[in-house]
Amino acid sequence: FLAERLLVPPAELIAAVSPSLGPCCFEFKDYQSLLPMEFWIYRDSRNRFDFWAIALDQLTAAGLDPKNVQIAEICSKCQPDFYSHRRGDQDRFAFFAGVD
């Protein structure tokens with residue numbers, strides 16, 4: 001969508017995934033009713049999901065070059081320097097997008 005709106009080929013886009021809930025902590029007790037079936041392959045034996053891998057796969061499926069996708073791989077629940085709803089914090093992150 002962004003590539004179409006900005007008339008930029010997806011291969012020229014750069015994406016970054018900020019610190020966020022990691023696969024170590026992203027557990028869903030009722031994932032069958034909460035997540036689409038295509039996400040289930042990202043589940044481990046404890047019903048934890050790797051949303052970093054999901055983001056990478058979705059971005060590359062949209063045409064981004066994997067070399068242009070940076071994932072922080074910092075779990076916001078494990079790292080006390082970041083806000084985490086799962087840890088009980090009330091604050092929020094923000095999302096920013098820009099064009100150079």
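Scope of the values below: all heavy atoms of this structure, side chains included, with no hydrogens, waters or symmetry mates. Counting begins at 1 with the first residue of the sequence.
Between F39 and F51, a ring centre-to-centre spacing shorter than 6.0 Å is recorded.
N68 places a side-chain N or O within donor-acceptor distance of the main-chain N or O of A11, the cut-off being under 3.5 Å.
In this structure, the separation between NZ on K29 and CG on L34 is 12.0 Å, given to the nearest 0.5 Å. Here the straight-line distance linking atom CG of L21 with atom CD of E27 works out to 10.5 Å at 0.5 Å rounding. Here the CG-CD distance, from L56 to Q70, works out to 10.0 Å after rounding to the nearest 0.5 Å. Taken to the nearest 0.5 Å, the CZ atom of R43 stands 13.5 Å off from the CG atom of D50.
Note on I71 and I41: separate hydrophobic clusters, where clusters join Ile, Leu, Val, Met, Phe, Trp and Tyr whose side-chain heavy atoms are under 4.5 Å apart, directly or indirectly. Hydrophobic clustering keeps L59 apart from I54 (ILVMFWY residues linked when any side-chain heavy atoms are closer than 4.5 Å, directly or through intermediates). Taking hydrophobic clusters as Ile, Leu, Val, Met, Phe, Trp and Tyr residues chained together by side-chain heavy-atom distances below 4.5 Å, Y31 shares a cluster with F26.
Residues S84 and S76 share a closest heavy-atom pair of CB-O, 3.5 Å. Of all the heavy atoms in T60 and D57, the pair that sits closest is OG1-O, 3.2 Å. Nearest heavy atom pair, residue R48 against residue C25, reads CD-N, 4.5 Å. The two atoms that bring A72 and S18 nearest to each other are CB-C, 3.9 Å, heavy atoms only.
Between P23 and the options Y42, W52, F49, a side chain to side chain contact (heavy atoms under 4.5 Å, CB included) holds for only W52.
The closest side-chain heavy-atom distance from C75 to P19 is not below 4.5 Å.
We find that R46 and D44 are not joined by a salt bridge, their nearest charged nitrogen and carboxylate oxygen being 4.0 Å or further apart.
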